[in-house]
Amino acid sequence: MSLVAVARERRSVELASMPEEVTRHRLALASRVYLPACSIVAIAAALVAIGAASRWGGADFAGSMQSLRVIVVGPLTLAIVAAFLVVERLRPAQRRPIFARGYRHDFLYTLLNATLVVPLVTALTLSFSEVVRRSLPWLIIGRVDVVPRWCVIALIFIAMDGCNWLAHLANHRVRVLWRFHELHHSQEDMSVLTVFRTHPLIHVSYLGALIPGIVLVANGAMPTLLLVIYAAVVAFAHSNTNLGFGPLGRILVSPNFHRIHHRVDAAQDVNLGFALTIWDQLAHRAVFPTEASIRADTGLAGRPLVVEQGTDRPRHLAVFAAQLVAPFRPMDNDRELPSIRGEKSQRHRPRQRSHTGRSDPGASCSGSLREGAVER
Ligand SMILES: [Zn+2]
Ligand SMILES: [Zn+2]
């Protein structure tokens, strides 16, 4: 049974078991807001409130925020991103103008991350850590002197990457999470800046990746430099480059490997890895690059989410605001589902070619922001 059929059946069972008055109110509200998305806001708000009430578990909020800012937009990170932008010009997967519309738009997300997302993620991180420490103290392993520190750090790194893989899989399989994650997949002009194209609230789903660090905190902590390198690997995987890393590409996530995860014409719940491909290989979800996949188009077929390439002239701020609000808008079950392996949905239909020469998945979409094809 397809996901759409399952969703419809579940919904009709739910409605049948409710009193009429409640059903009417719920339908009225659900016609205006996608209620499950509000649960993510509630979780984030509850965590921030708990963290603030506990004074962030005694942690230095300003210092933690500064450390995170260094990882996200510190001098080393910016230098690495600048180097990647040069590599994108030298070895592009797809040739594009230097200021392609998608690049300009993802720059807005970069600014959002540098300003508002850093304090939000700092608050979520400190609060989540405090909640785990208080409610599950038995999880934390005391000092073990026989294990070298570098070994502990390697273990945290691998386990953190595995947790990120699991959370990413959940983003593709749990509908409410997908509504926040689809923004990341909507990019049709992939670049190194696409790593920042995420909804601020999606970070709630990745908090579990902190657990390995919390469990082993008495034995070692990930150095900031290693976290910068991790962020750089993830950013580079999004770059518009045709690089595959040779034999290392069997273990490390390369741009060619991650591009398959963003392909518009295939299921996207494959190649979910952040830095290591081992999780995809273990779960039989690894698809290694071919000549055809290296230059494949990316994005979401049918453009269920408004995108900057869908407007006849640049309307970055309007599109940006619409994308951030989108997870809360009522859902169209027939169109707004993630593309899943083995599922036949309209997401897999080939895109129509537009007069720009590029495929135009928005040709059948309604809405003023989706009309027309664009110059880049
Ligand atoms: Zn994804
Ligand atoms: Zn991605």
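We count ligands from 1, going down the list as the structure has it; atoms in each ligand are counted the same way. Just so you know, these numbers come straight off a predicted model, no measurement behind them.
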His181 atom NE2 and His168 atom NE2 as seen from the Zn ion (ligand 1), angle to 10 degrees:
90°
Tell me the protein N, O or S atoms under 2.8 Å from the Zn ion (ligand 2), in chain and number order.
His184 NE2, His238 NE2, His258 NE2, His262 NE2
Tell me whether the rings of Phe157 and Tyr230 are parallel (<30°), tilted (30 to 60°) or perpendicular (>60°).
perpendicular
Residue pairs passing the salt bridge (Lys or Arg N to Asp or Glu O under 4.0 Å) test where at least one lies in residues 280-289, sequence neighbours excluded:
Asp269-Arg285
Report the relative orientation of the aromatic rings in His181 and His261; use parallel for angles under 30°, tilted for 30 to 60°, perpendicular for over 60°.
tilted
Parallel, tilted or perpendicular: which one describes the rings of Phe236 and Phe84, with boundaries at 30° and 60°?
tilted
By ring pair (Phe, Tyr, Trp, His ring centres under 6.0 Å), which residues pair with Phe128, not counting sequence neighbours?
none
Under the rule for side chain to side chain contact (heavy atoms under 4.5 Å, CB included), what residues qualify as partners of Thr290, not counting sequence neighbours?
Ala292, Ser293
Hey, what's the ring geometry for His262 with His238, parallel, tilted or perpendicular (30° and 60° as the breaks)?
perpendicular
Of all N, O or S atoms in His172, the one closest to the Zn ion (ligand 1) is NE2
